[in-house]
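Report on one structure; see the data block that follows.
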Amino acid sequence: MAVVEEKISKSPSLEDSKKKRKRKRNRASKAEHPNPDNNNGREEEKHEEDDAQAREVEIKDKKNNNKKSKKLRSEEDDEQEERGNNEEEEEEQEGEKEEIKEKMNIGGSGIMSTESFESLGLSEPTIKAIKEMGFQFMTQIQARAIPPLMVGKDVLGAARTGSGKTLAFLVPAVELLYNVRFTPRNGTGVIVICPTRELAIQTHAVAKDLLKYHSQTLGLVIGGSARRGEAERIVKGVNLLVATPGRLLDHLQNTKGFIYKNLKCLMIDEADRILEANFEEEMKQIIKYLPKVNLLAVYIVILGIYMDYVI
Ligand SMILES: Nc1ncnc2c1ncn2[C@@H]1O[C@H](COP(=O)(O)OP(=O)(O)OP(=O)(O)O)[C@@H](O)[C@H]1O
């Protein structure tokens, strides 16, 4: 750009000095070889006219060149601004890419996998709900646990807290209910047991989102909430039941009309905490009540472990 500016500012003065030198040479030669019928006065006038014209041209040229250089400078400023904006956008995009890469740091401390939910061949209502939840790629525990559960294999999953275990068992659970066309009349097809009320409430909320476009029914039974209301819902037919151990056992023992003979799948979330919380006896009794399920998913939480795994 400096070159362009230089060319523009130098070109008029080069031409002017040429013109001036030519005029000087003419004057000198005329002085040396005076014309016999020379009219000195007219020549001088002409030179003065020429000079005035040259000055006018010079001013015009300067103005034009100023305009040109201003235009060029503003075009250049625009280009620079555009380049600056593009650079900012590129930097932003790079930052976003880095963030995704960081999150997807497989084998490192990242929890994401490169497998998408789309690749699982899930039902339309499930995939629609997952998209609405804003998820595209699975976490590592999801990528490892969902495919075997979908083909009916039992799974023991171990993962850190916050690694996406909830969907790792809810997605296969919902798909199972959908594929066997569970209706309220069939009673309960999947039970998810959680060690605490809070965890059960959270799990129920995720299940609600996941079942948004399905016709299958959902229920929650937890210690401390109205037992009678829960029993009424159970009797109406809850296909996917989220429960804490004590209250579940209570309903198994006391709620008439609780259909659990069609149970297909039992999910135990944070099994290690269930045992820690002295639910061992309740769990033994629950297992006695329930029919032998085709599918069992047990999840345990391992703190401080760097790799999530499924056995
Ligand atoms: N595939 C995914 N992509 C992005 N975020 C996800 C994905 N799956 C789950 N999450 C989000 O990650 C967070 C943790 O998920 P979740 O609660 O299932 O983990 P968790 O292992 O059960 O944790 P906790 O032990 O605390 O219950 C949630 O906010 C959830 O919405």
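As the structure is a prediction and not an experimental result, all values here were calculated from the model. One-based numbering, in listed order, for ligands and for the atoms of each.
Ligand 1 has no N or O atom lying under 3.5 Å from any N or O atom of Leu167, backbone or side chain. No N or O atom of Phe135 sits closer than 3.5 Å to an N or O atom of ligand 1. For a threshold of 3.5 Å applied to N or O pairs, the pair formed by Leu199 and ligand 1 contains no separation below that value.
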(message) If you apply the rule side chain to side chain donor-acceptor pair (under 3.5 Å), what do you find for Glu132 with Tyr213, and how did you get there?
(response) CA-CA 11 Å; Glu132 260 181 42; Tyr213 298 104; 2.2 Å; yes
(request) Could you walk me through whether Thr126 and Glu175 pass side chain to side chain donor-acceptor pair (under 3.5 Å), step by step? (result) CA-CA 8 Å; Thr126 299; Glu175 286 300 280; 2.5 Å; yes
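No side-chain donor-acceptor contact under 3.5 Å links Ser113 and Gln142.
Rounded to the nearest 0.5 Å, atoms CG (Leu177) and NE2 (His214) are 9.0 Å apart.
Judged purely by atom type and a 3.5 angstrom limit, Glu230 uses its side chain to pair as donor or acceptor with the backbone of Ile222. Side-chain atoms of Arg197 never come within 3.5 Å of backbone atoms of Thr244 as a donor-acceptor pair (strictly under, hydrogens ignored). Side-chain N or O atoms of Thr255 include none that pairs as donor or acceptor with a backbone N or O of Leu252 at under 3.5 Å.
The shortest separation from a heavy atom of Ala159 to ligand 1 is not under 4.0 Å, leaving the residue out of contact. For the ligand labelled ligand 1, residue Glu270 lies inside the 4.0 Å heavy-atom shell. Using a 4.0 Å cutoff on heavy atoms, Met112 counts as a contact of ligand 1.
Shown in contact with Phe137 at under 4.0 Å from a heavy atom are these atoms of ligand 1, numbered in order with element: 1 (N), 2 (C), 3 (N). Within the listing of ligand 1, atoms 1 (N) sit less than 4.0 angstrom from a heavy atom of Phe117. Each of the atoms 14 (C), 19 (O), 20 (P), 21 (O), 23 (O), 24 (P), 25 (O), 26 (O) of ligand 1 lies under 4.0 Å from some heavy atom of Gly162. Near Thr166, meaning under 4.0 Å from one of its heavy atoms, ligand 1 places the atoms 16 (P), 17 (O), 18 (O), 22 (O). Near Arg160, the atoms of ligand 1 lying under 4.0 angstrom from a non-hydrogen atom of the residue are 21 (O). For ligand 1, the atoms lying closer than 4.0 Å to a non-hydrogen atom of Ser163 are 19 (O), 20 (P), 21 (O).
Heavy-atom proximity to atom 8 (N) of ligand 1, evaluated over Glu198, Gln202, Gln142, is greatest for Gln142.
Using a cut-off of 4.0 Å between Lys/Arg side-chain N and Asp/Glu carboxylate O, Lys131 and Glu118 are scored as salt-bridged.
Taking a 6.0 Å sphere around CD of Glu280, one finds it holds 12 or fewer heavy atoms contributed by other residues, nucleotides or ligands.
By the criterion of a heavy-atom distance under 4.0 Å, neither the backbone nor the side chain of Met133 is placed next to ligand 1.
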